[in-house]
Amino acid sequence: MLGVGFDALTRGETIEFAKRLIEEHSSAYMVTPNPEIVMQTWDSEEVRAAVNGAELVIPDGIGVVKAANILGTPLKERLPGIEISADILSYLAESGKSVFLLGAKPGVAELAAERMKDTFPGLKVCGTNDGYFKEDSAVIAKINAERPDFLMVCLGAPKQELWMAKNRAALDVGLMAGLGGSLDVYAGTVRRAPVFWQKLNLEWLYRCMKEPVRFKRVYKLPLFLVKAMGKRLRKIFNGQKG
Ligand code: UDP
């Protein structure tokens with residue numbers, strides 16, 4: 001859809017697939033593009049390759065689901081990365097598997113680890129590292145020493161997608177996932193929108209109101225839907241001609 005190969009899966013199917021990738025332990029990666037990331041793929045071949053190189057591409061953001069409907073290629077449901085990560089963490093805790101937390105400001109991943117262990121009793125957090133490192137090699141060595149089943153890569157987009165694509169061959173992990181600001185949410189340093197806003201699909205607006213600097217990032221979103229409509233109209237028009 002608009003240059004990104006989303007997987008049309010339900011939440012349950014996504015988790016089953018993620019479990020299989022964890023079992024295979026081949027450093028597969030998952031990305032959770034919202035409209036902002038899809039638009040970044042239009043401007044950069046490198047970002048497009050990194051996003052489409054993922055084994056699992058799930059729609060995080062109501063704009064993606066709406067655009068897919070407009071294009072006549074519907075996705076099954078919106079799958080917020082934070083909720084998918086919670087399902088995966090719950091599976092890891094139940095099955096004695098481990099997670100490594102990479103990203104966010106110094107101290108945040110440690111705090112997130114403590115809070116996760118309360119929420120998911122039995123969860124093994126085998127390591128943490130902040131997201132402001134200079135050299136990849138030392139961080140990769142630290143991760144590989146633990147051979148985590150799941151690696152949360154929370155460096156913001158598109159840095160995390162590029163990082164996973166570039167380093168997957170050097171990494172020894174089950175599955176990794178680019179999860180933006182999730183560690184801030186798990187640590188409690190940033191709050192998710194209240195359920196009322198989530199249900200109205202206005203989580204993005206809530207985040208913008210809390211951090212007005214984000215308006216700078218979303219002002220192009222109408223362009224995203226207009227582009228989807230244009231593509232759909234072209235498809236209908238070409239179909240009629242054919
Ligand atoms: N971040 C990081 N390293 C960087 C830049 C950002 O670890 O070089 C972290 C930042 O501290 C924050 C997250 O990446 O925890 C990005 O959060 P944001 O909510 O902007 O991500 P989004 O989900 O919108 O992509």
Side-chain angles (χ1 to χ4, degrees), residues 4 6-7 11 14 18 28-41 43-44 46-48 50-65 78-89 99-113 115-116 128-133 139 143 150-168 173 175-193 197-198 201-218 220-221 224:
V4 172
F6 283 96
D7 292 302
R11 185 165 170 171
T14 304
Y29 68 100
M30 170 174 116
V31 293
T32 64
N34 55 19
E36 201 185 338
I37 305 179
V38 175
M39 287 192 285
Q40 286 171 0
T41 68
D43 299 332
S44 159
E46 209 190 348
V47 175
R48 186 157 61 241
V51 168
N52 286 327
E55 275 74 9
L56 198 43
V57 185
I58 61 167
D60 184 342
I62 191 63
V64 174
V65 175
R78 177 185 168 221
L79 299 169
I82 186 92
E83 289 175 19
I84 298 300
S85 72
D87 288 354
I88 294 176
L89 291 174
V99 61
F100 191 109
L101 310 178
L102 174 65
K105 298 202 175 105
V108 173
E110 289 78 358
L111 196 55
R115 307 244 335 228
M116 280 175 186
T128 58
N129 203 93
D130 70 71
Y132 294 86
F133 51 92
V139 174
I143 295 167
F150 186 50
L151 171 64
M152 291 179 64
V153 185
C154 301
L155 306 174
K159 191 173 178 184
Q160 61 203 12
E161 287 75 14
L162 294 169
W163 192 88
M164 291 189 290
K166 177 174 157 222
N167 295 308
R168 69 177 305 173
V173 306
L175 169 68
M176 55 187 153
L179 292 163
S182 300
L183 289 180
D184 296 305
V185 175
Y186 282 113
T189 51
V190 169
R191 263 184 211 293
R192 249 195 112 180
W197 291 78
Q198 291 178 33
N201 288 318
L202 288 175
E203 201 163 358
W204 61 274
L205 179 61
Y206 180 87
R207 289 179 83 187
C208 284
M209 282 161 48
K210 289 274 163 195
E211 287 174 75
V213 69
R214 281 185 180 270
F215 274 115
K216 224 170 50 200
R217 290 167 47 174
V218 300
K220 279 200 287 186
L221 290 189
F224 180 74

Side-chain (D184) to main-chain (A187) donor-acceptor, under 3.5 angstrom: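 No.
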Sequence neighbours excluded - side chain to side chain donor-acceptor pair (under 3.5 Å) pairs with any residue from residues 153-166: D136-W163, D136-K166
Listed once per pair and sorted, the side chain to side chain donor-acceptor pair (under 3.5 Å) pairs that draw on residues 53-62, sequence neighbours left out: E55-R168
May I ask you to test the [X]-[Y] pair for a side-chain heavy-atom distance under 4.5 Å?
| X | Y | answer |
| --- | --- | --- |
| W197 | M209 | yes |
| L101 | M116 | yes |
| W204 | P35 | no |
| L155 | Y132 | no |
| F100 | N129 | yes |
| R192 | E203 | yes |
| T32 | I84 | no |
| L102 | I143 | yes |

Contacts of I62 that satisfy side-chain contact (heavy atoms from CB on, under 4.5 Å) - sequence neighbours left out: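 side-chain contact (heavy atoms from CB on, under 4.5 Å) list for I62, sorted by chain: V65, K66, R78, N201.
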Set of side-chain contact (heavy atoms from CB on, under 4.5 Å) partners for A165, sequence neighbours left out: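 Only Y29, A50 meet the side-chain contact (heavy atoms from CB on, under 4.5 Å) criterion with A165.
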Those residues that, when tested against D130, pass side chain to side chain donor-acceptor pair (under 3.5 Å) (two or more places apart):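 Once residues adjacent in sequence are excluded, D130 has no partner under the side chain to side chain donor-acceptor pair (under 3.5 Å) criterion.
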With R11 via salt bridge (Lys or Arg N to Asp or Glu O under 4.0 Å) - residues at least two apart: E83, D87
Residue among T128, I88, L183 satisfying side chain to side chain contact (heavy atoms under 4.5 Å, CB included) with M152: L183
